[in-house]
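So the structure is just underneath, and the comments pick up after that.
By convention here, the first residue in the shown sequence is residue 1. All figures in this text were calculated on a predicted structure; none of them were measured in a lab. Atom set for the values below is all heavy atoms of this structure, side chains included, hydrogens, waters and symmetry mates excluded.
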Amino acid sequence: MARAREQQETRQEDVVDLLLRQHERIRLLFAEVLDAEGEQRGESFQRLVRLLAVHETAEEMVVHPQARPSFAGGESVVDALLLEEREAKEVLSELDRMGPDAPDFERKLIKLRDMVLAHAAHEAQYEFPGLRQGHDPGRLRLMAQAVRAAEAMAPGVEADIAVGSLASLIDHTRDVVQNVMEGRSPS
């Protein structure tokens with residue numbers, strides 16, 4: 001019964017609520033990576049990489065295009081958010097290449113964490129209210145469905161499945177999101 005209620009709530013959840021929940025998961029994963037050592041740090045870091053890649057790609061394809069025309073100043077807000085995302089992806093790619101055993105890993109991870117958490121705060125303050133104002137609840141739920149499909153279909157978001165590269169994960173996520181937004185099967 002509780003599982004059915006949870007599934008119903010998930011179906012009713014809009015994209016803003018979903019992204020805010022993901023922001024919290026990302027924050028917790030950063031803490032987990034920083035607290036872990038050895039092999040556990042590597043595993044936690046890979047979960048973080050996967051979630052960030054899927055999350056940011058889905059935002060880029062679903063949220064930002066819908067937010068641009070939704071409120072006054074939407075264009076400039078989205079442009080600033082995309083710049084933040086691009087800078088964070090560069091640091092994430094660098095961390096992914098160097099690995100958690102590199103001497104400078106923790107310092108760069110803290111830099112990335114600070115960038116990502118500031119970015120999430122900017123979205124919550126500037127983009128999400130305008131998105132809700134500019135779209136009806138049904139559209140916001142469809143957007144959440146696209147983000148959830150990307151998360152579910154991306155290899156290894158919640159499991160320790162090897163991913164060929166950050167770029168291939170992002171490409172796969174783009175395909176899934178585009179299919180859902182166009183009413184096709186996510187696969």
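Looking only at distances, no side-chain donor or acceptor of T57 sits under 3.5 Å from a matching main-chain atom of V54. A donor-acceptor pair under 3.5 Å is formed between the side chain of R41 and the backbone N or O of L34.
Among all heavy-atom pairs drawn from M61 and P65, the shortest one is O-CG, 3.4 Å. Looking at every heavy atom in both residues, G42 comes nearest to P100 through CA-CG, 3.6 Å. Closest approach of L29 and S44 over heavy atoms only: CD2-O, 4.2 Å.
If you check the side chains of Q66 and S70, you find no donor sitting under 3.5 Å from an acceptor. The closest side-chain donor-acceptor pair between E87 and H119, if any, does not fall under 3.5 angstrom.
Going from atom CG of L95 over to atom NZ of K108 covers 7.5 Å, rounded to the nearest 0.5 Å. With rounding to the nearest 0.5 Å, the separation of CD in Q145 from CG in D14 is 13.5 Å. Rounding to the nearest 0.5 Å places CD of Q40 at 10.5 Å from CG of D35. Note that CZ of F128 and NE2 of H23 are 4.5 Å apart. Values are rounded to the nearest 0.5 Å.
Residues R113 and R27 are not in side-chain contact: their nearest non-hydrogen atoms beyond the backbone lie 4.5 Å or more apart. The closest side-chain heavy-atom distance from L109 to L48 is below 4.5 Å. Using a 4.5 Å heavy-atom threshold, the side chains of R148 and L18 count as touching. Between H135 and V15 there is no side-chain heavy-atom pair separated by less than 4.5 Å. Inter-residue side-chain proximity for H64 and E127 is flagged as met; some heavy-atom pair is nearer than 4.5 Å. Within the 4.5 Å cutoff, no side-chain heavy atoms of E24 are placed close to those of L20. Looking at H55 and E85, their side chains never come closer than 4.5 Å, going by heavy atoms from C-beta outward. Inter-residue side-chain proximity for Q22 and V147 is flagged as met; some heavy-atom pair is nearer than 4.5 Å.
M143 and V78 end up in different hydrophobic clusters when Ile, Leu, Val, Met, Phe, Trp and Tyr side chains are linked at under 4.5 Å. Under the 4.5 Å side-chain contact rule for hydrophobic residues, M115 and V77 do not share a cluster. Note: the hydrophobic cluster containing V33 also contains I110 (ILVMFWY, side chain heavy atoms under 4.5 Å, direct or indirect links). Clustering ILVMFWY residues whenever any of their side-chain heavy atoms sit less than 4.5 angstrom apart, transitively, puts L82 in a cluster other than the one holding V63. Residues L51 and L112 fall within the same hydrophobic cluster, defined by Ile, Leu, Val, Met, Phe, Trp and Tyr side chains chained together at heavy-atom separations under 4.5 Å.
R68 meets the side-chain hydrogen bond (donor to acceptor under 3.5 Å, both in side chains) test with E75, D79; sequence neighbours excluded.
Residue R86 forms a side-chain contact (heavy atoms from CB on, under 4.5 Å) with just one option from E90, E84, K89, and that option is E90.
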**Message:** Could you walk me through whether D136 and R139 satisfy the salt bridge (charged side-chain N to carboxylate O under 4.0 Å, His left out) test, starting with their C-alpha distance in whole Å, then the side-chain angles of each, then the deciding distance to 0.1 Å, before giving a yes or no?
**Reply:** CA-CA 6 Å; D136 67 75; R139 181 68 180 169; over 6 Å; no
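Between R132 and D17 a salt bridge is recorded (basic side-chain N to carboxylate O distance below 4.0 Å).
Around CZ of F30, the count of heavy atoms belonging to other residues, nucleotides or ligands within 6.0 Å exceeds 12. The number of heavy atoms from other shown groups lying within 6.0 Å of NZ (K111) does not exceed 12.
Between Y126 and F71, the distance separating the two ring centers is not shorter than 6.0 angstrom.
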